[in-house]
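Below: the structure, in structure tokens.
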Number of protein chains: 2
Amino acid sequence: MSSLAKRTASHPSDTTGSAHDRVYRALRARIMYGDIAPGEALTLRGIGREYEVSMTPAREALRRLVAEGALSLSSSGRVTTPELSNERIEELAALRALLEVELSSRALPRAHMALIDRLQSINVTIAEMVSKRDAVGYIRTNLEFHRTLYLRAQAPAMLAMAETVWLQLGPTMRALYGRLRRTDPPQNHRLIIAALKAGDEPGLRLAVRSDVTQGLRLLVV
Amino acid sequence: MSSLAKRTASHPSDTTGSAHDRVYRALRARIMYGDIAPGEALTLRGIGREYEVSMTPAREALRRLVAEGALSLSSSGRVTTPELSNERIEELAALRALLEVELSSRALPRAHMALIDRLQSINVTIAEMVSKRDAVGYIRTNLEFHRTLYLRAQAPAMLAMAETVWLQLGPTMRALYGRLRRTDPPQNHRLIIAALKAGDEPGLRLAVRSDVTQGLRLLVV
DNA sequence: GCGCGGCATTTGTGATCACAGCATAGTGCA
DNA sequence: TGCACTATGCTGTGATCACAAATGCCGCGC
């Protein structure tokens, strides 16, 4: 409901590229950052109306997101944002651990001071989001922290897979960060930065695994 | 060329489901099993003519495959099967190792005798494909071996990711198995089966890693 | 023989439409 | 008052068309 209003207001009117791609990017960001609740239905004509395109580009954007696992397709062709089972959440968490530990490990030898500064600055923004109770902003900035680190791994295919997992967890993540009350500082992020500074690979792997796993553990009811 | 003729002849006319899904499944199988050479171009109208559908389902099938990384999209919208760089091949091989070692490890405690028998029988078929010099059949049966094992891991999201990697490597695989001349028995598969029988997890991880990595090493020119 | 410019064809994109299936709300009956 | 059924609207599917851009080809000039 509120997301509908926000959505229309906050459209940056990104007119670059083709229509279906514009719709795709907009929806992808909204899903990955938890702006859409699990179980919400998306219709072709609704999307088309919202982004001022016809059904054709809306359909392409939706099907692409379905192909990436960001949306689920009912047997009758209806598209909704998925409600994940506990087993699926655990599996996706395991995938995050597997992929992101490897990515961080590959990024470690290339981590200069400039990168660490950048990560620390992102951490400050995360703390702001926490204090503002901005769930979407929190998720977005948190993932930006991870992406910034993993970009140094020079492994585009692996990073793409990790982002696909984030996308699948997006709608569920919102439920998580609504649940955690305490204004916790990103403690695991500090451990990650410390391990990067020290060049401590085992420590880095452990810190990344903890950061990725721990939040999602709250989700498993 | 020859694949064009074979394609038309070997269509099992799978009429189940919607048109775009039928086209998608057919193309996906052909790509994954190396029936299409790297760099080959696919056109909307061409696919439509070939599978007797209009441009709309053809476009959906192609875009879905592009979303999964099975096909690459040029800046002008042209769709071709990708020609992978060495870095990309190495990265995908690393992904295969990462995912499939984990999958096999999860499958190990659930591996009954029936599964092992099944794997051995698939191995026999692989040997037949090798002796028949049937590259597509070899790749298909080889992947069936892996899929049969990983299905026991009860990790659908992880298996889907592994299959996505197979899909991305598909067109390149054909070039590989055209290159290896010797009629080698699937030695690593024997090691995998032996480790399964013995319940030897470290041995299993090593055998899977070797099997996945070794073939692709030949590809890196 | 080789390179370059212009044209015809092919290609992807997006809009629109007809149609069939599904969901839901409303109605009638017990 | 409760429930079953029907009908209306809504949804996805696939075909077709108009359009613009890019490709590839052919011939001309050097």
Side-chain angles (χ1 to χ4, degrees), chain A residues 1 3-4 7 11 13-28 30-31 36-83, chain B residues 1 4 7 11 13-28 31 36-83:
Chain A
M1 317 299 154
S3 64
L4 250 166
R7 167 186 336 172
H11 263 330
S13 295
D14 184 1
T15 55
T16 53
S18 49
H20 71 261
D21 203 57
R22 186 164 41 90
V23 176
Y24 164 76
R25 288 199 309 269
L27 283 176
R28 184 184 133 105
R30 293 192 46 215
I31 294 171
I36 309 185
E40 209 170 310
L42 300 177
T43 66
L44 292 177
R45 291 169 178 84
I47 298 292
R49 213 175 307 126
E50 191 177 330
Y51 291 92
E52 293 173 348
V53 294
S54 82
M55 287 170 56
T56 313
R59 184 153 41 151
E60 291 194 40
L62 250 47
R63 295 212 87 97
R64 182 166 171 191
L65 289 164
V66 169
E68 292 173 357
L71 296 171
S72 74
L73 189 65
S74 89
S75 60
S76 66
R78 250 87 170 178
V79 169
T80 58
T81 173
E83 306 184 83
Chain B
M1 313 300 153
L4 250 166
R7 169 186 335 173
H11 264 328
S13 294
D14 184 0
T15 55
T16 53
S18 49
H20 71 261
D21 204 57
R22 186 164 41 90
V23 176
Y24 164 77
R25 288 197 309 269
L27 283 176
R28 182 185 136 104
I31 294 170
I36 310 186
E40 210 171 309
L42 299 178
T43 67
L44 257 35
R45 291 170 178 83
I47 299 292
R49 214 175 306 125
E50 191 177 330
Y51 290 92
E52 293 173 348
V53 293
S54 82
M55 287 170 56
T56 313
R59 185 154 40 151
E60 291 195 40
L62 251 47
R63 295 212 87 100
R64 181 167 174 192
L65 289 164
V66 168
E68 292 174 356
L71 297 171
S72 72
L73 188 65
S74 88
S75 60
S76 66
R78 247 85 171 179
V79 170
T80 59
T81 173
E83 305 184 84

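Convention: sequence-line order gives letters A, B, ...; per-chain numbering from 1.
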Extract from the structure each pairing of a protein N or O with an N or O of nucleotides 8-12 of chain C at less than 3.5 Å, listing the distance.
{"residue": "C/dT11", "atom": "O4'", "partner": "B/Arg78", "partner atom": "NH2", "Å": "3.2"}
{"residue": "C/dG12", "atom": "OP1", "partner": "B/Leu44", "partner atom": "N", "Å": "3.4"}
{"residue": "C/dG12", "atom": "OP2", "partner": "B/Leu44", "partner atom": "N", "Å": "3.0"}
{"residue": "C/dG12", "atom": "N7", "partner": "B/Arg45", "partner atom": "NH1", "Å": "3.0"}
{"residue": "C/dG12", "atom": "O6", "partner": "B/Arg45", "partner atom": "NH2", "Å": "3.2"}

side-chain contact (heavy atoms from CB on, under 4.5 Å) between B/Leu73 and B/Arg78, intermediate numbers included: CA-CA 6 Å; B/Leu73 188 65; B/Arg78 247 85 171 179; over 6 Å; no

Heavy atoms of chain A, cut-off under 4.0 Å: which first and last nucleotide of DNA chain D, 5' to 3', fall inside that, if you could look?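 Contacts span D/dT11 to D/dG14, reading 5' to 3'.
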
Hey, which sits more toward the 5' end of DNA chain D by its nearest nucleotide, A/Thr56 or B/Ser74? A/Thr56

With sequence neighbours left out, what residues match [X] under side-chain contact (heavy atoms from CB on, under 4.5 Å)?
X	value
B/Ser75	none
A/Arg45	A/Arg49, A/Met55
B/Thr43	none

Residue pairs, two or more places apart or on separate chains, that pass salt bridge (charged side-chain N to carboxylate O under 4.0 Å, His left out) and touch residues 67-77 of chain B: B/Arg64-B/Glu68

Begin from the C-alpha positions of B/Leu65 and B/Leu42 and carry the test side-chain contact (heavy atoms from CB on, under 4.5 Å) through to its verdict. CA-CA 12 Å; B/Leu65 289 164; B/Leu42 299 178; over 6 Å; no

Once side-chain hydrogen bond (donor to acceptor under 3.5 Å, both in side chains) is applied, do any residues pair with A/Thr80, and if so which ones, sequence neighbours excluded? A/Ser72

Taking only residues two or more places apart in sequence, or in another chain, which ones meet B/Arg63 in a side-chain hydrogen bond (donor to acceptor under 3.5 Å, both in side chains)?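 If we apply the side-chain hydrogen bond (donor to acceptor under 3.5 Å, both in side chains) test to B/Arg63, skipping adjacent residues, the hits are A/His20, A/Glu60.
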
